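Let me begin by presenting the structure, written as structure tokens, before commenting on it.
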Amino acid sequence: MSQKTDTQRIKEIYKLCKGHFGDIRFVGIKYHKKIGWIAKAQFDDGFENLTADGATSTEALRKLKNRVKKIIKRYNEV
């Protein structure tokens, strides 16, 4: 099995968010010198941004994906 790239992870998070929340502005990562890597999903409709941070870009993206999945699971249980 080939290694997933951060680009593939971003696309996967984008699809998850688009499928569940609707309009999404972007999903991306950036480096902050005091915090480390920050993964962010920003929505069009005024919904709060979702963020997660990690020591590596991959770790930050994994945490963001897990956070999105947790929110979707919680929403589906209600």
Side-chain angles (χ1 to χ4, degrees):
M1 188 172 130
S2 64
Q3 187 76 18
K4 274 190 192 175
T5 64
D6 284 349
T7 304
Q8 289 169 320
R9 292 181 206 287
I10 289 171
K11 287 179 181 178
E12 200 173 319
I13 293 168
Y14 184 90
K15 284 180 195 170
L16 267 176
C17 291
K18 180 90 172 155
H20 190 75
F21 303 113
D23 295 332
I24 182 162
R25 188 169 295 155
F26 78 91
V27 175
I29 53 174
K30 66 179 181 177
Y31 184 76
H32 188 283
K33 63 184 177 183
K34 290 184 180 177
I35 301 169
W37 287 96
I38 301 170
K40 181 179 182 180
Q42 187 173 19
F43 300 93
D44 277 338
D45 59 0
F47 187 72
E48 286 188 34
N49 300 329
L50 296 175
T51 60
D53 59 82
T56 65
S57 57
T58 302
E59 182 184 340
L61 288 167
R62 280 191 187 131
K63 286 182 178 180
L64 179 61
K65 181 180 166 191
N66 287 339
R67 188 166 177 208
V68 169
K69 282 184 167 181
K70 222 180 259 186
I71 290 169
I72 291 171
K73 183 181 176 189
R74 202 175 306 139
Y75 178 82
N76 289 334
E77 287 177 357
V78 174

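Here the structure is a predicted model, which means the values were calculated and not measured.
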For A39 and A60 the tightest heavy-atom approach is CB-O, 3.5 Å

**Within one Ile-Leu-Val-Met-Phe-Trp-Tyr cluster: L64 and Y31, side-chain cutoff 4.5 Å** = yes

Working for side-chain contact (heavy atoms from CB on, under 4.5 Å), residues N76 and H20: CA-CA 10 Å; N76 289 334; H20 190 75; 4.0 Å; yes

NZ (K18) and NZ (K11) are apart, to the nearest 0.5 Å, by 15.5 Å

Side-chain (R67) to main-chain (T51) donor-acceptor, under 3.5 angstrom:
yes

Closest non-hydrogen atoms of C17 and A41, given as atom of the first, atom of the second and distance, are SG-CB, 4.4 Å

Shortest non-hydrogen pair, G28 vs I10, comes out as CA-CD1, 4.4 Å

Distance col, row T58:OG1 vs Q3:CD, nearest 0.5 angstrom, shows 7.5 Å

side-chain contact (heavy atoms from CB on, under 4.5 Å) between L50 and F43: does it pass, once the steps are laid out? CA-CA 9 Å; L50 296 175; F43 300 93; 4.0 Å; yes

Look only at the side chain of Q8 and the backbone of T5, and say whether a donor-acceptor pair between them is shorter than 3.5 Å. yes

Discussion item. Please check this pair: side chain of K63 against backbone of D53, looking for a donor-acceptor N/O pair closer than 3.5 Å.
Written reply: yes

Decide side-chain contact (heavy atoms from CB on, under 4.5 Å) for Q42 and V27; before the verdict, give the C-alpha distance in whole Å, the side-chain angles of both, and the deciding distance to 0.1 Å.
CA-CA 6 Å; Q42 187 173 19; V27 175; over 6 Å; no

One should read off an interatomic distance between E12 CD and K15 NZ, to the nearest 0.5 angstrom, of 8.0 Å

d(I24 CD1, N49 CG) to nearest 0.5 Å is 9.5 Å

(Q) Applying a strict under-4.5 Å side-chain criterion to I, L, V, M, F, W and Y, I'd like to know whether I13 and I38 cluster together. (A) no

Q. Hey, does L61 have a side-chain heavy atom less than 4.5 Å from the side chain of K65?
A. no

